[in-house]
Amino acid sequence: MRAARRIVVKVGSSSLTTAAGGIDPGRVRRLVEVLAAARDAGAEVVLVSSGAIAAGLAPLGLKKRPSALPAQQAAASVGQGLLAHRYQEEFARHGIVTGQVLLTVDDVTRRAHYRNAHNTFAKLIELGVLPIVNENDTVATSEIRFGDNDRLAALVAHLVHADLLVLLSDVDGLYDGPPSRTGSRLVPVVHSDADLASVVIGSAGSSGVGTGGMTTKVDAARIATGAGIDVLLTSADQAAAALSGAEVGTHFEATGKRRPTRLLWLAHATSGQGTLTLDDGAVRAVVERRASLLAAGVTAVGGTFVAGDAVDLLATDGTVVARGLVNFDADELPTLLGRSTSELKSALGAAYEREVIHRDDLVLL
């Protein structure tokens with residue numbers, strides 16, 4: 001932990017706001033002091049902060065997070081400015097300039113957007129700016145339920161090539177059962193998914209201002225550790241100890257190596273726009289040999305999509321085995337199914353002498 005030079009810190013709504021839903025200045029100030037100290041120690045810090053909707057509740061006279069999307073977006077519109085201003089003021093006390101980065105799922109699923117986001121972060125960090133990231137809740141639709149920013153934080157950690165992802169919550173780590181239950185014990189280290197087999201993972205808490213829970217945090221940890229990034233899960237109250245290298249919270253050890261960026265977002269930040277059903281031979285080729293998918297191995301097409309969209313690849317029993325970026329529109333594919341590449345070239349021209357999905361654009365699920 002002490003060796004981490006670039007750190008992404010994610011903080012949840014319940015760690016920033018009062019019970020009534022407004023921003024708690026004391027909590028924000030304490031968090032900023034911790035992050036400023038980490039910067040003084042030589043670390044580069046990116047903050048992923050929830051709280052825009054929660055911060056907008058009190059000014060709008062709302063007692064709890066609304067369920068209707070327009071009301072959520074109204075609260076986010078009011079709260080995002082308040083939250084950004086509070087951070088700007090607090091970091092300025094330490095001579096730190098902040099930059100607001102609002103993301104939607106498109107920014108981490110579409111390649112051109114992803115590259116642009118990467119370049120923006122790189123320049124901000126180069127200039128010594130501390131980026132503060134949140135979802136663009138005001139205009140988001142399904143993105144507003146991205147996972148309380150936990151999954152987004154894992155993707156941002158990969159995007160900025162972080163060494164460490166710190167998830168700050170209102171719970172001091174992962175327990176093997178509900179933390180309020182007598183006998184539940186803190187899990188200090190998770191080496192792999194096998195260590196989670198006996199863990200009962202809970203959902204969102206009762207504060208009424210957040211949407212995530214331990215499930216989204218464990219999912220985020222899986223994304224990050226699978227991409228070679230260590231993860232520490234602890235409470236906001238223990239943030240200073242965590243960033244100084246103390247043994248607090250739950251440490252999820254990196255299990256994989258850094259993967260190509262587009263494969264990470266393809267696996268974790270996209271949903272299939274359609275489906276392709278494969279015969280048994282094609283399933284073996286894709287899964288076992290990591291081969292490209294050819295039209296000869298596709299037996300059925302489902303959904304509406306265009307070339308460049310992500311589609312799910314199904315085995316004959318309907319199991320999703322992979323996801324990939326398709327090279328043809330949905331309405332083109334039915335006439336190509338079951339035909340060899342050479343046959344397609346002869347009948348339709350050289351433009352059809354290509355894979356339905358190239359192996360470089362495939363990820364196993």
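Positions are given from 1 along the sequence. Below, each value reflects all heavy atoms present in this structure, side chains not excepted, and no hydrogens, waters or symmetry copies.
Between Lys217 and Val231 the shortest side-chain heavy-atom distance does not fall below 4.5 Å. With a 4.5 Å cut-off on side-chain heavy atoms, Leu102 and Gln80 count as touching. At least one side-chain heavy atom of Ile23 sits less than 4.5 Å from a side-chain heavy atom of Leu83. Using a 4.5 Å cut-off on side-chain heavy atoms (C-beta onward), Leu294 and Val356 make no contact. Looking at heavy atoms from C-beta onward, Pro66 lies in side-chain contact with Leu57 at the 4.5 angstrom threshold. The shortest distance between side-chain heavy atoms of Val199 and Val218 does not fall below 4.5 Å. Between Leu336 and Leu348, some side-chain heavy-atom pair lies under the 4.5 Å cut-off. Leu344 is not listed as a side-chain neighbour of Thr341, based on a closest heavy-atom distance of 4.5 Å or more.
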Next on the checklist: Apply side-chain contact (heavy atoms from CB on, under 4.5 Å) to residues Leu333 and Val326 and explain how you reach the verdict.
Outcome noted: CA-CA 10 Å; Leu333 279 169; Val326 67; 4.2 Å; yes
Checklist entry - Would Asp237 and Ser235 count as a side-chain hydrogen bond (donor to acceptor under 3.5 Å, both in side chains) if you check the C-alpha gap in whole Å, the side-chain angles of each, and the deciding distance to 0.1 Å? => result CA-CA 5 Å; Asp237 292 339; Ser235 66; 5.0 Å; no
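With sequence neighbours left out, the ring-ring contact (aromatic ring centres under 6.0 Å, His included) criterion links His118 to His161. Take Arg354 and apply the salt bridge (charged side-chain N to carboxylate O under 4.0 Å, His left out) test, not counting sequence neighbours, and it matches no residue. Partners of Val190 according to the side-chain contact (heavy atoms from CB on, under 4.5 Å) rule, which considers only residues two or more places apart in sequence or in another chain, are Leu174, Val187, Asp195, Leu196, Thr250, Phe252. Under the side-chain contact (heavy atoms from CB on, under 4.5 Å) criterion, Ala36 pairs with His94, Ile96, sequence neighbours left out. In this structure Ser184 satisfies the side-chain contact (heavy atoms from CB on, under 4.5 Å) test together with Tyr175, Asp176, Pro178, Arg181, sequence neighbours excluded. In this structure, the salt bridge (charged side-chain N to carboxylate O under 4.0 Å, His left out) partners of Asp24, at least two apart in sequence or on a different chain, are Arg27. With sequence neighbours left out, the ring-ring contact (aromatic ring centres under 6.0 Å, His included) criterion links Tyr352 to Phe328. Among residues two or more places apart in sequence or in another chain, the side-chain contact (heavy atoms from CB on, under 4.5 Å) test is passed with Asp329 by Val306, Ala307, Asp331, Glu332.
Sorted pairs that involve residues 287-305 and meet side-chain hydrogen bond (donor to acceptor under 3.5 Å, both in side chains), not counting sequence neighbours, are lacking altogether. For the salt bridge (charged side-chain N to carboxylate O under 4.0 Å, His left out) condition, the pairs that include at least one residue of residues 122-131, sequence neighbours left out, are Lys123-Glu126. Among pairs with a residue in residues 40-62, none fulfils ring-ring contact (aromatic ring centres under 6.0 Å, His included), at least two apart in sequence or across chains. For residues 40-52, the set of pairs meeting the salt bridge (charged side-chain N to carboxylate O under 4.0 Å, His left out) definition, not counting sequence neighbours, comprises Arg6-Glu44.
Remark: side-chain polar atoms of Gln273 are not paired, donor with acceptor, to backbone N or O of Ala310 under 3.5 angstrom. No donor-acceptor pair under 3.5 Å is formed between the side chain of Ser346 and the backbone N or O of Glu343. For Asp230 (side chain) and Ala254 (main-chain N/O), a donor-acceptor pair under 3.5 Å exists by modelled atom type. Put simply, the side chain of Arg30 never gets that close to the backbone of Ala236: no donor and acceptor are under 3.5 Å apart. Side chain of Thr98 to backbone of Leu130: no donor-acceptor contact under 3.5 angstrom is found. With hydrogens and angles disregarded, a donor-acceptor distance shorter than 3.5 Å links the side chain of Thr120 to the backbone of Asn116.
Between the CG atom of Leu293 and the CD1 atom of Ile357 there is a distance of 5.5 Å, given to the nearest 0.5 Å. The structure places CG of Leu313 at 9.0 Å from CG of Leu364, a figure rounded to the nearest 0.5 Å. In this structure, Leu232 CG and Leu167 CG are separated by 8.0 Å, a value rounded to the nearest 0.5 Å. Summarising the geometry, atom CD1 belonging to Ile7 is positioned 9.0 Å from atom CG belonging to Leu35; distances are rounded to the nearest 0.5 Å. How far CG of Leu362 is from CZ of Arg323: 11.5 Å, rounded to the nearest 0.5 Å. Taken from CG in Leu60 to CD1 in Ile53, the straight-line distance is 11.5 Å, to the nearest 0.5 Å.
Taking each heavy atom of Ser50 and Asn149 in turn, the nearest pair found is OG-ND2, 3.2 Å. Nearest heavy-atom pair, Val78 versus Pro59, reported as atom, atom and distance to 0.1 Å: CG1-CB, 4.0 Å. Minimum interatomic distance between Arg5 and Asp163 (heavy atoms only, all atoms of both residues): N-OD2, 2.9 Å. The shortest non-hydrogen separation linking Asp279 to Ala296 is OD2-O, 3.8 Å. The two residues Pro179 and Val171 have their closest heavy-atom pair at CG-CG1, 4.0 Å. The nearest pair of heavy atoms linking Ala330 to Val301 is O-CG1, 4.2 Å.
Arg93 has a carboxylate O that lies under 4.0 Å from a charged side-chain N of Glu90, or vice versa, which qualifies the two as a salt bridge. In this structure, Asp219 does not pair ionically with Arg151, as no charged nitrogen and carboxylate oxygen lie closer than 4.0 Å.
Val248 is not connected to Val189 by any chain of hydrophobic side-chain contacts under 4.5 Å among Ile, Leu, Val, Met, Phe, Trp and Tyr, and they are in different clusters. Placement of Val45 and Val166 within a single hydrophobic cluster is found when ILVMFWY residues are connected by side-chain heavy-atom separations under 4.5 Å, directly or transitively.
Of the listed residues (Val133, Leu16, Asn134), just one forms a side chain to side chain contact (heavy atoms under 4.5 Å, CB included) with Ser49, and that residue is Leu16.
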